[in-house]
Participant: 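Below is a structure I'd like to ask you about.
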Amino acid sequence: MTIYDSRTRASRLFQPLHPPRVGLYVCGLTPYAPAHVGHGRTFVFFDVVARALRRWGYRVFYVQNVTNLDDKLIARAAEEGSDPLALAERHFGDYRHAMERLGVRSVNYYPFATDYVPEIIGQIGALVDRGLAYRSEDGSVYYEVAKFPSYGELSGQKVEKLRPGARVEVDPHKRSPEDFAIWKAATPGEPSWESPWGPGRPGWHVEDTAITEHLLGARYDLHGAAVDLIFPHHEAEIAIAEGASGLAPLAAFWMHGGLLLLSGEKMSKSLGNILPLDTAIERAGPGPLRFYYINSQYRSPLDFDPEKSLSESAEAYARLRQPFDRIQQALALGGDDRPGEEAPAGLAEAAGELVDQLDTTLAEDFNTREAIASLFGWSRRLSELGERLDRLGGPALVRLRAPYDWAREVLGLLEEGAAAPSGNWSKMVGVAIAARARARARGDFAEADRIRDELQRAGVVLEDGTSGTRWKPVRTE
RNA sequence: GCCGAGGUGGCAGAAUGGUUAAUGCGACGGACUGCAGAUCCGUUUCCUGGGGGUUCGAUUCCCUCCCUCGGCUCCA
């Protein structure tokens, strides 16, 4: 399999440092506010990465940190009169719930920054000892970028060309504007810890590096996040970790996902164009939203259109899953061994071949979009069977379901709202359908429509076809 | 200004040095239906930002220009 490494700007064959184990680290969020749709894209994508690697036999240890203390959290907590750590805890809980609904279950561990203060202090100490960091008069510790020659390599920046103060004011305690804080001197009333440099709290970048060094080692396989973190965050991570350990590269592969834009622009508080993740989930349902996220190449920018994106995805997703739902319903009612016809010649074999092809496709830098296109092809082939699909026996259906099973396992699609009806319930529906059929036969359409409406209210949709009436549960997501 | 990512049909969005540039949405037509809905099938020929170059052949590789988005010190 190949993965695009943004540090070397090229795709390479992926080989773990310590097979079969794979260390995967993804920059999590700073839960100072509810998560928005953009966050969903990044974390759903890396969920697919972890699922795929596991399917291919790797033992993935997936770590996603939580920056539970920083300037924004402190500021927000002060506004609300609450505690920053508690505020972070609350938003993080909401985030986990949203991820659960989206089918993101691959993360092994969500370390909180404040649980790693000793490790952070240790790493800062190593940097100070090596002369890469200095303590300023105010009790903060800064990383001295000039001491790390390859600084800027990841982002292609030259330190001299940076515009100091373009967005954030230059800190007067720094020797040089590009230096960054790894330890921030304590401010009264804010959480702080004792350290060799005086009381304070960790800077952002060093949280991640201390955590990864502790959990994944000085070097690990995959580091993921969205592109907006390349500079300065990942640049700083490299400087800290490689500077402290003397080992490089920190991550064998740097994976950067494209941003999700809202009507062409990045979501930001100042523009006031934030669509909360929960709102998007409510509006579209988790399945269509997840489908939307991975229905593009992860490195491309994705322009979210509030008017169209979700409804379009819902339509497409419904079409994709149509044959799958029919199979699932048939198996739920008749069992995996239900009697019936054999699969048409070659089709069961084609299902197996498609699964192989899906693995191959995904193994090329996680091309979820191509895989989904192939799945649509499969849905079309099954749809072309028409009502013959409903007459197939259990073993045939199970074999034809294989590509969908793959989609569930790896892409995390088709997992939700399967709403398999119970046997008793389906008997009652069968009785009602039979009664309606008699009413239709004698021309009593008022009675027929009454039965249809009643079933609709009970959560069952009827579809009249050439060889009788089919039904399915109303999907509630 | 510097760095990075992009520019593909009505829209979203893939791919490839070489038949008809995938897939989906939408639209149109048809099948099915008592009606509706759902579903299915078909059609959607003139779509790769502009200009150069390399090549038998470029959407793909190179140069250049234009445009959009992102980053330029605490953004997924």
Side-chain angles (χ1 to χ4, degrees), chain A residues 6 9 26-30 35-43 45-46 67 70-73 143 145 152 154-171 174 177-181 184 203-205 207 224-233 235-236 256-261 264-269 291-292 295-297 299-305 308-309 311-320 322 326 364 367-370 372-377 380 383-387 440 443-445 448-449 452 456 461-467 469-470 472:
Chain A
S6 38
R9 297 186 177 80
V26 173
C27 289
L29 36 75
T30 302
H36 58 63
V37 265
H39 297 121
R41 181 189 190 191
T42 300
F43 298 120
F45 170 71
F46 284 105
T67 303
D70 86 328
D71 293 350
K72 283 180 182 169
L73 272 162
Y143 191 98
V145 167
L154 175 70
S155 58
Q157 303 276 2
K158 290 188 172 54
V159 172
E160 322 83 64
K161 296 274 180 87
L162 294 174
R163 277 191 173 178
R167 272 183 44 193
V168 178
E169 276 185 48
V170 176
D171 185 332
K174 295 177 180 179
E178 62 270 15
D179 293 351
F180 54 86
K184 298 190 163 202
W204 180 32
H205 315 303
E207 295 173 0
V227 286
D228 56 345
L229 293 189
I230 291 178
F231 192 91
H233 185 50
E235 204 72 73
H256 288 106
L259 293 182
L260 181 127
L261 306 173
E265 283 178 317
K266 181 174 172 177
M267 277 174 273
S268 74
K269 223 174 66 177
F291 173 88
Y292 170 73
N295 199 205
S296 69
Q297 219 288 337
R299 285 187 279 118
S300 305
L302 184 56
D303 195 356
F304 185 92
D305 180 339
K308 281 162 53 179
S309 293
S311 57
E312 196 175 307
S313 290
E315 291 298 325
Y317 186 60
R319 180 182 171 85
L320 178 70
Q322 183 68 23
R326 279 168 67 185
E364 286 172 23
N367 197 334
T368 52
R369 182 57 150 104
E370 280 283 296
I372 287 174
S374 297
L375 288 167
F376 270 108
R380 168 168 291 256
S383 293
E384 281 169 350
L385 296 177
E387 314 220 333
R440 291 173 75 199
D444 186 355
F445 298 120
D449 289 349
R452 183 170 62 192
Q456 172 97 47
V461 181
L462 298 189
E463 297 173 6
D464 295 328
T466 39
S467 67
T469 299
R470 195 153 58 208
K472 64 181 181 185

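Proteins come first, then strands; the chains are lettered A, B, ... in the order of their sequence lines, and each starts at number 1. The figures here come from the full heavy-atom set of this structure, side chains too, leaving out hydrogens, waters and symmetry mates. If you're wondering where the values come from, they're calculated on a predicted model, not measured in any experiment.
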Participant: Are R380(A) and R319(A) packed together at the side-chain level, in the sense that at least one heavy-atom pair is separated by less than 4.5 angstrom?
Facilitator: yes
Participant: By nearest heavy atom, map Q297(A) and G377(A) onto RNA chain B; which one lands nearer the 5' end?
Facilitator: Q297(A)
Participant: Look at all strands and tell whether F180(A) reaches a base, only sugar-phosphate, or nothing, counting heavy atoms closer than 4.0 Å.
Facilitator: base
Participant: Partner of rG1(B) by Watson-Crick or G-U wobble geometry, both contacts under 3.5 Å, or none?
Facilitator: rC72(B)
Participant: Hey, does E384(A) reach any base, or is it just sugar-phosphate, or nothing, if we go heavy atoms under 4.0 Å?
Facilitator: sugar-phosphate
Participant: The side chain of Q322(A) lies closest to which of these nucleotides: rC41(B), rC40(B), rC72(B)?
Facilitator: rC40(B)
Participant: Quiz question: going by heavy-atom distance under 3.5 Å, is there a donor-acceptor pair between the base of rG6(B) and the side chain of D303(A)?
Facilitator: no
Participant: Report which part of the nucleic acid R326(A) touches: base, sugar-phosphate, or nothing (heavy-atom distance under 4.0 Å, all strands).
Facilitator: nothing
Participant: Could you work out the separation of rU19(B) and rU59(B) based on their P atoms and round it to a whole Å?
Facilitator: 11 Å
Participant: Does G386(A) reach a base, just sugar-phosphate, or nothing at all? Heavy atoms under 4.0 Å.
Facilitator: nothing
Participant: Looking only at heavy atoms, what is the nearest atom pair of F46(A) and G224(A), with distance?
Facilitator: CZ-CA, 3.4 Å
Participant: Measuring from the side chain of F376(A) (C-beta onward, heavy atoms only), which nucleotide among rC75(B), rU23(B), rC41(B) has the closest atom?
Facilitator: rU23(B)
Participant: Under the 3.5 Å rule, do the base of rU39(B) and the side chain of R319(A) count as making a donor-acceptor pair?
Facilitator: no
Participant: For a quick check, tell me whether the side chain of R299(A) and the base of rA5(B) share a donor-acceptor pair closer than 3.5 Å.
Facilitator: no
Participant: Check salt bridge (Lys or Arg N to Asp or Glu O under 4.0 Å) between R440(A) and all other residues, then give those that pass, not counting sequence neighbours.
Facilitator: D464(A)
Participant: When the P atoms of rA31(B) and rG70(B) are compared, how many Å lie between them, rounded to an integer?
Facilitator: 50 Å
Participant: Kindly indicate whether the side chain of R452(A) and the base of rC35(B) share any N or O donor-acceptor pair separated by less than 3.5 Å?
Facilitator: yes
Participant: Can you tell me the Watson-Crick or wobble partner of rU43(B), both distances under 3.5 angstrom?
Facilitator: rA27(B)
Participant: Could you check how far NE2 of H39(A) sits from P of rC75(B), rounded to whole Å?
Facilitator: 10 Å
Participant: For the side chain of S296(A), starting at C-beta, report the closest nucleotide among rA5(B), rG13(B), rC75(B).
Facilitator: rG13(B)
Participant: Across the strands shown, which category fits H36(A) at heavy-atom distances under 4.0 angstrom: base, sugar-phosphate, nothing?
Facilitator: base
Participant: Mind listing the closest non-hydrogen atom pair of Q297(A) and R369(A) along with its distance?
Facilitator: N-CB, 4.2 Å
Participant: Map K158(A) and A226(A) onto RNA chain B by nearest heavy atom, then report which one ends up closer to the 5' terminus.
Facilitator: K158(A)
Participant: How long is the line joining CZ of R9(A) and P of rG6(B), in whole Å?
Facilitator: 11 Å
Participant: With rounding to the closest Å, how many angstrom separate the P atoms on rC40(B) and rG24(B)?
Facilitator: 11 Å
Participant: Which value, in whole Å, describes the distance between the C1' atoms of nucleotides rC32(B) and rU39(B)?
Facilitator: 9 Å
Participant: Take atom P in rC65(B) and the same atom in rG4(B), then report the distance between them in whole Å.
Facilitator: 14 Å
Participant: Can you figure out which of rC75(B), rA14(B), rG26(B) approaches the side chain of E315(A) most closely?
Facilitator: rG26(B)
Participant: With heavy atoms under 4.0 Å as the rule, sort G152(A) into base, sugar-phosphate or nothing.
Facilitator: nothing
Participant: Minimum heavy-atom separation for F43(A) to C27(A), with atom names?
Facilitator: CE2-O, 3.5 Å
Participant: So which nucleotide from rU73(B), rG4(B), rA76(B) ends up closest to the side chain of T42(A)?
Facilitator: rA76(B)
Participant: Stacking here means centres under 5.5 Å and planes under 30°; does F445(A) stack on rG34(B)?
Facilitator: yes
Participant: Expressed as a whole number of Å, how far does the P atom of rU60(B) sit from that of rG17(B)?
Facilitator: 11 Å
Participant: For the pair made of NZ in K266(A) and C1' in rG70(B), what is the distance, rounded to whole Å?
Facilitator: 7 Å
Participant: Starting the side chain at C-beta, find the nucleotide from rA15(B), rG70(B), rG13(B) nearest to L302(A).
Facilitator: rG13(B)
Participant: Give L462(A) one of three labels, base, sugar-phosphate or nothing, depending on what nucleic acid heavy atoms sit under 4.0 Å from its own.
Facilitator: base
Participant: Across the strands shown, which category fits I372(A) at heavy-atom distances under 4.0 angstrom: base, sugar-phosphate, nothing?
Facilitator: nothing
Participant: Under 4.0 Å, heavy atoms only, any strand: does L259(A) hit a base, just the sugar-phosphate, or nothing?
Facilitator: base
Participant: Considering only atom C1', compute the distance from rU48(B) to rG9(B) and round it to an integer number of Å.
Facilitator: 10 Å
Participant: For V145(A) and E178(A), which heavy atoms make the closest approach, and how far apart are they?
Facilitator: CG2-O, 3.2 Å
Participant: Taking donor-acceptor contacts at under 3.5 Å, does the side chain of E312(A) reach the base of rG24(B)?
Facilitator: yes
Participant: Looking at every strand, decide which applies to G28(A) at a 4.0 Å heavy-atom threshold: base, sugar-phosphate, or nothing.
Facilitator: sugar-phosphate
Participant: With a 3.5 Å limit on both atom pairs, tell me what rG6(B) is paired to, counting Watson-Crick and G-U wobble, or say none.
Facilitator: rC67(B)
Participant: Tell me whether the side-chain N/O atoms of N367(A) come closer than 4.0 Å to OP1 or OP2 in rA14(B).
Facilitator: no
